[in-house]
**Student:** 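Before I ask anything, let me first share the structure, which is written out below as structure tokens.
Proteins come first, then strands; the chains are lettered A, B, ... in the order of their sequence lines, and each starts at number 1.
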Protein chains: 2
Amino acid sequence: MSVSVKEVAREAGVSVGTVSNVLNRPQVVSPTTVARVTDAIDKLGFVRNDAARQLRAGHSRSFGLVILDARNPFFMDITQSAQHRALSNGYTILTGTSDGSESTEQKLLDLFDEQRVAGVLISPLHADLSRLWRIREAGTPVVLVDRGSGDRSFSSVSVDDVEGGRIAARHLVDLGRKRIAFVGGPETIEQVRHRLEGARSIVSATAEVSLEHVTTTSLSVLEGRRVGELILSRRQEDRPDAIFAANDLLALGVLQALVMSGNVQVPEDLALVGYDNIDFAESAVVPITTISQPAAEIGRTAVDVLLREAQAGENAVREQFVFAPKLVVRASTVGNASTPKRS
Amino acid sequence: MSVSVKEVAREAGVSVGTVSNVLNRPQVVSPTTVARVTDAIDKLGFVRNDAARQLRAGHSRSFGLVILDARNPFFMDITQSAQHRALSNGYTILTGTSDGSESTEQKLLDLFDEQRVAGVLISPLHADLSRLWRIREAGTPVVLVDRGSGDRSFSSVSVDDVEGGRIAARHLVDLGRKRIAFVGGPETIEQVRHRLEGARSIVSATAEVSLEHVTTTSLSVLEGRRVGELILSRRQEDRPDAIFAANDLLALGVLQALVMSGNVQVPEDLALVGYDNIDFAESAVVPITTISQPAAEIGRTAVDVLLREAQAGENAVREQFVFAPKLVVRASTVGNASTPKRS
DNA sequence: TTCTCGAATTGAAACGATTCATAAATGTTT
DNA sequence: AAACATTTATGAATCGTTTCAATTCGAGAA
């Protein structure tokens, strides 16, 4: 059906080896021959068959990427920048979302195995990295994304989530809030655990401030709304006066619930801090104070590290990148900070 | 490096043909042999090499998907549902974003060619579909996504954008707005053209209502903000009293600019309608009235159509699906509709 | 015992690009 | 003119899976 090197070779009157050389190292072929071959390629509409290349090469020119949630713009930003970086280095990225399901994560890794990807980028769901060990031992480099490698046994590109938690909690404490609620879960997600841990460390070091943990089954707007309604259903004196949500989607959901009810004023009655600084946090009903992470830089760096590991092969050096989170103050915690003026 | 069928065959004491049969049609192999082979597979950790399969098969078990903008949740919703549907039929989806660049779109199609994808799903940037004709003539089915096929020469799954434009404009006219501005561009994007066309048809049929077109270079929040500021810079009497934005991202940006200035009340001074009904339209400063499109259904249906075409081969029947857009009224046009009560 | 039929298994050929040892052609130096 | 170096070109072998015509095996029929 489709045209192969053999036919190009015949058309150009050269051997298949020469066609391959024109394709891969034109310097070793005489200019006139290159011209003849490229003409033949154009004439026949030849397109390289990547499967055959891969088969010979033993591995593909793609990386596999597994993220936690495709509906979170933060991860899409990472994906986008990773894709760009990979593409400009001649690599493709196969993307998949684990969406909270362990089995989906496994299926994606199986898929990547069958594709013989040149490397794996992953935000693992759980603490158990044994599968990733095996993948690496089979010769495929692995880089953890948005997740540190505790024992430095993997390369990783992440943001200091514990510090992020501290920053958020400190901000709320500084504002004089006394009853803080951390909204987020499940705790199997390391990012959630770390943010909570950071917040705890600040609160426990501060007298008269309490921290409550309201867990969720996922990090979505819908779950946020559920929690918001849950909090609204409490008697007024039992409600927290500040909420630190594990990400902006949750924060957005909580905010929706609160604002729709009309009973709770943000930030007067309840201050709200999110996490990720997605674009939409800024344009929310009440612009949301949040902890910003450099998504694009994470994606780029992760690909760079993976490229280096793939290059180095066996004796690759593991690299750990940890970016610093930053507080972005908006109206959801400080009423007059860049608040829309409404008459 | 990695284990091949040959080694599995040796370990199990059978021929490679039998191993392949166990893998692909276990019914023709005796149960005891199946057991021996699967044991060997487990023992050696054999993983199929997809490149070799593809090479033999002549085409891959992946579809290529090109969308317009990965940062637009609407397209991510399409992508997600398409991925699910494909996966449950044993297909993988390679995703790419053209991001407004013709050359990126071409590069992605080149890539899909090299991968010998089993089909292409695409929201084409331009009206020129000649490249897609060629792809299909080479035997790869093509389905247009979120874009109709004027002459029905391609299968397509889309939403009636002209009708969407009509609905939006009619809503604004019904509310008594007189000076409507359509915000969106570039006009090379068919969706934008159609929505504008729909709005025009309503306005020109209505006395005393004018329609102005404010064009943009992309459909992003940032561009929306730019347009918002542009409008704010006008004298009050030159400002429109309603804006119909080509999508929700633009609408969100416009809204940000207006609200931040504090000079314009939404919807009192200016009513705002978006398009797509992304989740974030609901949680905006002022919840945005929008035209909703069934994103998940589009993705699913597109894959189904592609599967059918791939199955049918040469004599496939072209199918056109056109979904109906729906108006979702929120506070950005009707002040008291589900508006948050603020004291 | 011989024959037949169906089920189970075999193994060589094929898919298409790349590699690499070898050969041919060209140019340079004695 | 011979010897040598350099640049180009060749084509068989290879990667790992699937396919399919051919073969083996065993059970039941003649």
**Student:** Using the rule side chain to side chain contact (heavy atoms under 4.5 Å, CB included), only one of B/Thr188, B/Leu68, B/Val66 pairs with B/Leu125; which is it?
**Tutor:**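 In the set B/Thr188, B/Leu68, B/Val66, the residue that makes a side chain to side chain contact (heavy atoms under 4.5 Å, CB included) with B/Leu125 is B/Leu68.
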**Student:** Rounding to a whole Å, what distance do you find between B/Arg116:CZ and D/dT17:P?
**Tutor:**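 Spelled out: CZ on B/Arg116 to P on D/dT17 is 20 Å.
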**Student:** Students often get this wrong, so: under 4.0 angstrom with heavy atoms, is B/Val19 touching a base, only sugar-phosphate, or nothing?
**Tutor:**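 Since no nucleic acid heavy atom lies under 4.0 Å of B/Val19, the category is nothing.
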**Student:** How long is the line joining CG of A/Asn24 and P of C/dC20, in whole Å?
**Tutor:**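 Rounding to the nearest Å, CG of A/Asn24 and P of C/dC20 are 12 Å apart.
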**Student:** Where do B/Glu102 and B/His126 land on the side chain to side chain donor-acceptor pair (under 3.5 Å) test, with the steps shown first?
**Tutor:** CA-CA 8 Å; B/Glu102 176 84 4; B/His126 294 319; 3.0 Å; yes
**Student:** Counting only side-chain nitrogens and oxygens, does B/Ser20 get under 4.0 Å of the OP1 or OP2 atom of D/dT17?
**Tutor:**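 The answer is no; no side-chain N or O of B/Ser20 sits under 4.0 Å from OP1 or OP2.
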**Student:** I want to check something: taking the side chain as every heavy atom from C-beta on, are B/Glu309 and B/Ser155 in contact at a cut-off of under 4.5 Å?
**Tutor:**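 Yes, close enough: below the 4.5 Å cut-off.
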**Student:** Round to the nearest Å and state the distance from A/Lys6 atom NZ to D/dG11 atom C1'.
**Tutor:**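 Answer to the nearest Å: 11 Å.
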**Student:** Identify every side-chain donor-acceptor pair in residues 134-144 of chain B under 3.5 Å, counting partners at least two apart or on other chains, and give the distances.
**Tutor:**
{"unit_1": "B/Arg136", "atom_1": "NH1", "unit_2": "B/Ser153", "atom_2": "O", "d": "2.7"}
{"unit_1": "B/Arg136", "atom_1": "NH2", "unit_2": "B/Ser153", "atom_2": "O", "d": "3.0"}

**Student:** Between the protein and nucleotides 21-26 of chain D, which nitrogen or oxygen pairs come in under 3.5 angstrom?
**Tutor:**
none

**Student:** Parallel, tilted or perpendicular: which fits the ring planes of B/Phe154 and B/Trp133, with parallel below 30° and perpendicular above 60°?
**Tutor:**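 The arrangement is perpendicular - the two ring planes meet at more than 60°.
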**Student:** Using a heavy-atom cut-off of 4.0 Å across all strands, would you classify A/Ser4 as base, sugar-phosphate, or nothing?
**Tutor:**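 Here A/Ser4 touches the backbone only, sparing every base.
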**Student:** Please work out which residues in residues 30-58 of chain A have a non-hydrogen atom less than 4.0 Å from an atom of DNA chain D and list them by number.
**Tutor:**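 Going residue by residue through residues 30-58 of chain A, the ones with a heavy atom under 4.0 Å of DNA chain D turn out to be A/Ser30, A/Thr33, A/Leu55, A/Arg56.
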**Student:** Any donor-acceptor pair under 3.5 Å linking the side-chain atoms of A/Arg48 with those of A/Asn24?
**Tutor:**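 There is such a pair (donor and acceptor under 3.5 Å, judged by atom type) between the side chains of A/Asn24 and A/Arg48.
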**Student:** Can you confirm whether B/Arg308 is buried at CZ, in the sense that more than 12 heavy atoms of other residues, nucleotides or ligands lie under 6.0 Å from that atom?
**Tutor:**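 More than 12 within 6.0 Å, yes.
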**Student:** Using a heavy-atom cut-off of 4.0 Å across all strands, would you classify A/Val29 as base, sugar-phosphate, or nothing?
**Tutor:**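 Sugar-phosphate, no base atom in range.
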**Student:** Applying side-chain hydrogen bond (donor to acceptor under 3.5 Å, both in side chains), can you list everything that pairs with A/Asp69, at least two apart in sequence or on another chain?
**Tutor:**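 Once residues adjacent in sequence are excluded, A/Asp69 has no partner under the side-chain hydrogen bond (donor to acceptor under 3.5 Å, both in side chains) criterion.
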**Student:** Heavy-atom count check: over 12 atoms from other residues, nucleotides or ligands less than 6.0 Å from A/Arg318 CZ?
**Tutor:**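 Above 12, so yes.
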**Student:** Give the rounded distance in Å between these two atoms: CD of B/Glu114 and P of C/dG16.
**Tutor:**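 These atoms are roughly 15 Å apart.
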**Student:** Without decimals, in angstroms, what is the distance between A/Arg61 CZ and C/dT18 C1'?
**Tutor:**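 From A/Arg61 CZ to C/dT18 C1': 14 Å.
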**Student:** If the cut-off is 4.0 Å, is B/Ser15 near the phosphate of C/dT10, judged by side-chain N/O to OP1 or OP2?
**Tutor:**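 For C/dT10, OP1 or OP2 has a side-chain N or O of B/Ser15 closer than 4.0 Å.
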**Student:** Could you tell me whether the side chains of A/Gln54 and A/Arg116 share a donor-acceptor contact shorter than 3.5 Å?
**Tutor:**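 There is no such pair between these side chains.
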**Student:** Could you go through residues 32-40 of chain A and list every donor-acceptor pair under 3.5 Å that involves a side-chain atom there, pairing it with any protein atom two or more places apart or in another chain?
**Tutor:**
{"unit_1": "A/Thr32", "atom_1": "OG1", "unit_2": "A/Ser30", "atom_2": "OG", "d": "3.4"}
{"unit_1": "A/Thr33", "atom_1": "OG1", "unit_2": "A/Ser30", "atom_2": "OG", "d": "2.7"}
{"unit_1": "A/Arg36", "atom_1": "NE", "unit_2": "A/Ala12", "atom_2": "O", "d": "2.9"}
{"unit_1": "A/Thr38", "atom_1": "OG1", "unit_2": "A/Val34", "atom_2": "O", "d": "2.8"}
{"unit_1": "A/Thr38", "atom_1": "OG1", "unit_2": "A/Ala35", "atom_2": "O", "d": "2.9"}

**Student:** Could you give the angle between the helix axes at the two ends of the helix from C/dT1-D/dA30 to C/dT30-D/dA1, with five pairs per end, rounded to 10 degrees?
**Tutor:**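 Computed angle between terminal axes is 60°.
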**Student:** Output the rounded distance in Å from CG (A/Asn21) to C1' (C/dA17).
**Tutor:**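 Checked: the CG to C1' distance equals 12 Å.
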**Student:** For A/Arg25, report the nucleic acid contact type (base, sugar-phosphate, nothing); a contact means any heavy atom under 4.0 Å.
**Tutor:**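 Sugar-phosphate only.
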**Student:** Any ion pair linking A/Asp77 and B/Arg71 (charged N to carboxylate O, less than 4.0 Å)?
**Tutor:**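 Salt bridge flag = yes for A/Asp77 with B/Arg71.
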